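Here is the structure we will look at, set down as structure tokens.
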Amino acid sequence: MNNVWLLSFVSFFTDMGTYMVTPLIPIFLASSGPIIIGIIDGVSEALTSLLKFVSGYVSDRSKKRKSLAILGYGLSGIGRIFLVIASSWVGVFVWKLIDRTGKGIRTAPRDAIISEAGGKRKQGRSFGLHQMMDMLGAAIGIGIAYLLLTMDGNKDFQSVFLYSMIPVGIGFCLLFAVKEKRENTKVISREPKAKPSWKKLNRDTKQLLLIIMLFTVANSSNSFLLLRATDLGISATSVLLLYLVLHLVASLFSYTSGAISDRFGHKVILTVGYILYGFVYIGFGMVSSITGLWLLFILYGFYIALTKGIEKSLVASSAPKDLKATSLGMYSMVTGIGLLPASLLTGWVWQEFGAASSFYLNGCIALVTALILYKVLSGNKQDLSTNE
């Protein structure tokens with residue numbers, strides 16, 4: 001589990017730096033409108049997802065997972081410079097593209113290392129631990145941003161962007177302590193190189209990926225949650241506190257959720273997570289008070305804890321051994337394919353029919369997807385978490 005812990009701390013510091021700036025971006029771009037925010041998030045995340053698939057395939061062929069992870073984290077660090085000097089949405093877009101390119105390169109190889117280190121019986125725990133540290137780092141990063149803005153009189157976003165480079169650098173340095181399995185290089189010379197193919201995945205995994213893609217159509221960028229809070233008159237510092245609580249809740253319950261899924265299976269937990277998302281989004285359409293916003297952000301944190309790590313553990317545990325990173329990359333690509341139209345659709349509906357309509361639409365799609373998920377997983381012969 002040493003690699004799991006190391007990569008968890010790498011993500012802890014990286015997300016600390018990332019989330020010092022992420023919740024400020026929608027506020028920074030508020031005057032540009034919801035469609036611009038949707039385009040920036042949708043395009044950059046779709047690019048990320050495609051790169052995750054390509055990187056996963058390259059990782060499985062070369063078995064050099066660590067070097068790809070180093071390249072990806074390094075690019076994200078360099079891209080931060082463009083955010084520091086940004087003065088409009090164009091500069092933010094350039095930063096986002098470089099940052100998400102780095103994320104696309106590093107994610108699948110990193111997740112494959114975590115899966116291999118955790119072993120067959122600890123997939124949920126391994127990804128749950130990583131998710132917990134990831135979210136904890138994000139929460140602390142948001143807290144630091146809040147303190148910096150308070151000290152600077154709620155005005156100087158650029159200083160926060162600059163300070164965010166420090167934890168990103170620490171996370172990058174920790175990455176070099178990760179140890180890659182040497183036997184991988186021997187296996188690659190004896191076994192035929194696997195090709196990325198949808199046909200190589202089993203039926204249950206294909207069904208799962210298709211359902212996740214449908215759900216992603218309802219899962220627009222979190223920037224719209226922050227924009228909704230701002231739209232209701234919440235100050236920039238209060239928005240940071242809302243996002244802080246969200247990530248603290250997700251961090252506190254991610255490992256527990258993964259451990260429970262390892263013991264009792266994933267079906268019910270994942271379905272409950274999707275249902276919770278649907279009702280939370282409908283709630284964002286109805287909310288009109290600060291108290292209501294606090295409750296919704298807390299419930300959204302529970303949704304993250306119930307779904308993100310479990311989705312990855314499902315894919316990893318069901319994937320063929322020689323296509324583990326490819327399968328995890330395919331999972332990321334599938335989620336990204338839906339994210340672009342989801343963000344564009346949400347931005348368009350928001351602008352044409354109002355914020356409430358966009359949240360009602362996404363919430364209803366999520367509830368329908370939850371019913372499909374439960375029905376499909378109930379029809380499978382075994383819970384994917386038990387696949388070898």
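This one's a predicted model, so the numbers in the text were calculated from it and none came from an experiment.
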CG/Leu371: more than 12 non-hydrogen atoms of other groups inside 6.0 Å: yes
Side chain to side chain, Ile98 and Ile81, heavy atoms closer than 4.5 Å: no
Gap between atom CE of Met132 and atom CG of Leu252 - 0.5 Å precision: 9.0 Å
Heavy-atom closest contact (Tyr73 atom, Ser11 atom, distance): OH-OG, 3.6 Å
Residue that, paired with Tyr281, satisfies side chain to side chain contact (heavy atoms under 4.5 Å, CB included) out of Leu296, Leu367, Leu225, Leu276: Leu225
OH (Tyr360) with more than 12 external heavy atoms under 6.0 Å: yes
Whether Trp89 and Phe93 hold their rings parallel, tilted or perpendicular, with breakpoints at 30° and 60°: tilted
Leu6 to Ala177 - nearest heavy-atom pair and separation: CD1-O, 3.5 Å
Chi angles and distances behind the side chain to side chain contact (heavy atoms under 4.5 Å, CB included) call for Val84, Met165: CA-CA 10 Å; Val84 173; Met165 298 182 70; 4.2 Å; yes
Joint hydrophobic cluster, Ile85 plus Ile25, side-chain heavy atoms closer than 4.5 Å: no
Close aromatic pair by centroid cut-off 6.0 Å: Trp95 and Phe161: no
Under 3.5 Å: donor-acceptor pair, side chain of Ser238, backbone of Ile234: no
Same cluster (ILVMFWY, side-chain, under 4.5 Å), Val287 and Phe302: yes
Interatomic spacing from NZ in Lys103 to CZ in Arg110 - rounded to 0.5 Å: 5.5 Å
Closest contact, heavy atoms only, Met20 versus Ile144: CE-CG2, 3.7 Å
From Ile269 atom CD1 to Leu306 atom CG, the distance as rounded to the nearest 0.5 Å: 7.0 Å
Centroid-centroid distance, Phe215 to Tyr277, less than 6.0 Å: yes
Qualifying residue, where the test is side chain to side chain contact (heavy atoms under 4.5 Å, CB included) with Val10 and the options are Ile170, Leu175, Asp134, Asp15: Leu175
For Leu75 against Ile105, the heavy-atom pair lying closest together: CD1-CD1, 3.7 Å
Common cluster, Leu242/Met286, ILVMFWY with side-chain heavy-atom separation under 4.5 Å: no
Joint hydrophobic cluster, Phe279 plus Ile365, side-chain heavy atoms closer than 4.5 Å: no
Among Ile298, Leu299, Ile304, the one residue meeting side chain to side chain contact (heavy atoms under 4.5 Å, CB included) with Leu246: Ile304
Smallest separation among heavy atoms of Ala229 and Val239, with atom names: CB-CG2, 4.0 Å
Near-ring test Tyr303/Tyr300, centroid separation under 6.0 angstrom: yes
Flag for Arg106-Ser55: side-chain donor and acceptor within less than 3.5 Å: no
Spacing of Phe353 atom CZ and Ser358 atom OG [to the nearest 0.5 Å]: 11.0 Å
Flag, side chain of Ser251 to backbone of His247, donor-acceptor distance under 3.5 Å: no
Side chains of Lys179 and Asn2 in contact at under 4.5 Å (non-hydrogen atoms): no
Verdict with supporting geometry, Val160 and Tyr163, side chain to side chain contact (heavy atoms under 4.5 Å, CB included): CA-CA 5 Å; Val160 179; Tyr163 286 126; 5.9 Å; no
hydrophobic_cluster_shared for Ile140 and Val245, side chain cutoff 4.5 Å: yes
Step-by-step side chain to side chain contact (heavy atoms under 4.5 Å, CB included) determination, Met16 to Phe13: CA-CA 5 Å; Met16 186 188 298; Phe13 283 106; 4.1 Å; yes
Residues Asn362 and Thr346: side-chain donor-acceptor under 3.5 angstrom: yes
Heavy-atom donor-acceptor pair, Arg228 side chain to Gly285 backbone, under 3.5 Å: yes
For the student: nearest non-hydrogen atoms of Thr101 and Leu47, plus distance: OG1-CD2, 3.6 Å
Ring centroid separation Phe297 to Phe284 under 6.0 Å: yes
Nearest-0.5 Å distance, CG of residue Leu210 to CD1 of residue Ile372: 11.0 Å
Under 3.5 Å donor-acceptor, Ser8 side chain and Met133 backbone: no
Separation of Ile113 CD1 from Leu68 CG (nearest 0.5 Å): 9.0 Å
Derivation of the side chain to side chain contact (heavy atoms under 4.5 Å, CB included) call for Ile114 and Leu129: CA-CA 10 Å; Ile114 292 173; Leu129 173 63; over 6 Å; no
